[in-house]
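In what follows, a single structure is set out as structure tokens and then discussed.
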Protein chains: 2
Amino acid sequence: MVVARQSRQISSAGVDDPRERILSAAGREFAERGYDSATIRDICLAAGVNVAAVNYYFGDKRRLYIESVKHAHEERVRQVPLSEWQPGTPPERKLHDFVANLLERMLGLGQPPWQVRLMMREVLQPTEACRELVEDYIRPHFAVLVSVLRELTAGRLGDPELRRIGMSIVGQCFLYRAAGQVVEMLVPQSEIDMLHSPAALADHVTSYGLAALGAAAPLTSFPAAGASQKDSPA
Amino acid sequence: MVVARQSRQISSAGVDDPRERILSAAGREFAERGYDSATIRDICLAAGVNVAAVNYYFGDKRRLYIESVKHAHEERVRQVPLSEWQPGTPPERKLHDFVANLLERMLGLGQPPWQVRLMMREVLQPTEACRELVEDYIRPHFAVLVSVLRELTAGRLGDPELRRIGMSIVGQCFLYRAAGQVVEMLVPQSEIDMLHSPAALADHVTSYGLAALGAAAPLTSFPAAGASQKDSPA
DNA sequence: ACTTGCTTCAAACAGGCGTTTGAAACGTCG
DNA sequence: CGACGTTTCAAACGCCTGTTTGAAGCAAGT
């Protein structure tokens with residue numbers, strides 16, 4: 001009797017590997033329907049394997065879930081690496097890049113990212129997989145944001161304040177991902193296309209933050225150019 | 001044979017009313033565990049009624065859920081009404097009040113508010129109950145915010161921009177409610193107590209917004225005064 | 001060919017789920 | 001009281017869930 005497959009080959013066949021197929025299907029299913037609503041039968045149907053396979057490879061549903069979260073997260077890190085800047089890049093530019101990157105990763109139209117949906121579920125209602133997610137994925141990203149803000153404010157603010165400002169920036173992006181459907185109910189569709197695209201939002205969030213920090217003109221300045229980043233005021 | 005109780009008394013007994021007891025228990029249970037994980041048996045156990053009661057009063061689980069969301073929302077509106085300001089109140093003050101009110105309603109320590117948790121679930125993954133929630137509850141609140149911002153910017157920005165700025169403000173509050181546990185993993189506990197209490201956050205979000213709009217000094221100014229108004233930087 | 005170990009499969013299992021049932025309890029009116 | 005509509009109840013009904021089972025398939029190794 002075997003409770004779970006004892007040892008896994010280091011780097012197996014790939015798409016042919018049943019284990020990989022199950023993980024992918026499970027991620028999609030868990031992301032879409034949540035842990036409880038997703039069923040092992042549906043997952044196995046989508047993966048093209050027998051229902052007993054999940055028990056054979058992962059033991060039970062809970063461990064399959066945890067593995068699929070980690071799997072999705074690893075895949076996503078591989079897809080969207082942290083930004084690297086050349087030395088001398090102005091911090092305003094770095095902030096804009098960071099925000100644009102974050103929004104693209106969250107809302108990116110490149111592909112409906114079920115990985116992000118799955119991770120969002122963990123953020124909103126953490127389970128065992130959450131801590132790993134935070135340590136491996138979220139904390140490093142957040143640290144980059146804080147360091148950019150530190151550079152931007154040239155040491156005038158302490159880390160606690162910087163973290164709080166970082167949360168303000170992340171929160172704005174977060175809203176559109178987590179509560180996107182409600183946002184779409186609150187503003188007209190034309191406005192969504194115009195002002196709430198990932199790129200336009202990146203401009204807005206960056207301008208908003210830079211203005212708040214005194215690194216750019218306030219949003220109410222007369223030209224009211226919304227679409228381009230601007231350097232410090234005259 | 002009765003599919004559902006035909007007509008409901010206008011304003012029934014109150015706590016003695018089984019219907020009311022079921023709604024309350026259901027709201028708590030749905031808020032805590034989600035629609036699928038919450039079971040009718042547990043709800044009825046908590047409400048002290050027979051399992052058949054929910055079918056008798058509401059027909060089935062789905063309609064019970066919808067009713068319980070509406071019930072929670074009505075209760076919450078009664079608890080925390082929209083702010084009313086005397087004529088002549090400065091818009092900076094109004095913004096601060098609004099943000100403080102929003103944060104208090106979302107994070108308020110007065111009581112662990114299962115109603116908010118339930119509504120948050122609707123926002124994050126809308127069902128049929130969501131549209132009503134938006135129309136009756138969220139949209140009016142958001143309209144108030146936009147009108148305050150309009151007053152604050154004295155017509156220099158159009159409604160679309162104002163709505164986008166409104167989203168920025170709401171997003172910051174939203175993060176702490178929806179992703180609170182992750183926030184707590186990212187910043188030290190002492191910092192949470194100090195800078196992330198509802199009141200401190202209200203100050204921060206307001207200052208951040210006012211500074212961005214040029215209605216107060218940037219956050220990096222030396223005295224770091226929170227709420228005093230000041231015109232655009234030199 | 002025969003064993004050996006890993007993998008797959010159809011079928012079944014026990015338990016929990018939402019829902020239904022038919023009768024008992026209740027209160028109210030004639 | 002006896003009849004009646006409303007409300008409660010214990011028990012059951014299907015159905016679907018996660019999980020297990022024992023046998024069959026399969027690719028080496030000897």
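Order of the sequence lines sets the chain letters (A, B, ...), proteins ahead of strands, with each chain counted from 1.
- Dashed line: the shortest gap from a side-chain N or O of A:Tyr57 to OP1 or OP2 of C:dT8 is under 4.0 Å.
- Using bins of under 30°, 30° to 60° and over 60° for the plane-to-plane angle, the ring pair A:Phe174/B:Phe174 lands in the tilted bin.
- Comparing D:dG18, D:dA10, C:dA11 by their nearest atom to the side chain of B:Ala52 picks out D:dA10.
- Here A:Ile138 pairs with A:Val123, A:Val134, B:Val182, B:Leu186 under the side chain to side chain contact (heavy atoms under 4.5 Å, CB included) rule; sequence neighbours left out.
- When distances are taken from the side chain of A:Asn50 to each of C:dC9, D:dT19, C:dT19, the shortest belongs to C:dC9.
- Applying the salt bridge (charged side-chain N to carboxylate O under 4.0 Å, His left out) test to every pair with at least one member in residues 35-57 of chain A, sequence neighbours left out, gives no pairs at all.
- The interatomic distance linking A:Lys61 (NZ) with D:dT19 (P) rounds to 8 Å, in whole Å.
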message = With ring-ring contact (aromatic ring centres under 6.0 Å, His included) as the criterion, how do B:Phe58 and B:Tyr65 come out once you've worked through the C-alpha distance, each side chain's angles and the decisive distance to 0.1 Å?
response = CA-CA 9 Å; B:Phe58 300 95; B:Tyr65 174 75; over 10 Å; no

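- Contacts of residues 31-39 of chain B with DNA chain C (heavy atom under 4.0 Å): B:Ala38, B:Thr39.
- A:Arg41 contributes a side-chain N or O that forms a donor-acceptor pair with the base of D:dG18 under 3.5 Å.
- The residue among B:Val49 and A:Asp60 whose nearest nucleotide of DNA chain D lies closer to the 5′ end is B:Val49.
- Applying the salt bridge (Lys or Arg N to Asp or Glu O under 4.0 Å) test to B:Glu151 and every residue at least two apart in sequence or in another chain returns B:Lys94.
- A:Arg62 places its CZ atom 15 Å from the C1' atom of D:dT19, with the value rounded to the nearest Å.
- The distance from atom CG of A:Asp17 to atom C1' of C:dC6 is 13 Å, rounded to the nearest whole Å.
- Dashed line: the shortest gap from a side-chain N or O of B:Asn55 to OP1 or OP2 of C:dT20 is under 4.0 Å.
- Partners of B:Glu135 under the salt bridge (Lys or Arg N to Asp or Glu O under 4.0 Å) rule, at least two apart in sequence or in another chain, are B:Arg139.
- Evaluation of the side chain to side chain contact (heavy atoms under 4.5 Å, CB included) rule for B:Arg177 yields B:Met106, B:Leu107, B:Pro113, B:Val116, B:Arg117, B:Met120 as partners, not counting sequence neighbours.
- A straight line from CD1 of B:Ile43 to C1' of C:dC17 spans 12 Å, rounded to a whole angstrom.
- Here the P atom of nucleotide D:dT19 and the CZ atom of A:Phe58 are 13 Å apart, to the nearest Å.
- For the pair A:Ile22 CD1 and C:dC9 P, the computed distance is 10 Å after rounding to whole Å.
- Separating the CG atom of B:Asp42 from the P atom of C:dG18 is a distance of 9 Å, rounded to the nearest angstrom.
- Each of C:dT19, D:dG18, D:dT6 was ranked by its minimum atom distance to the side chain of B:Tyr56; first place goes to D:dT6.
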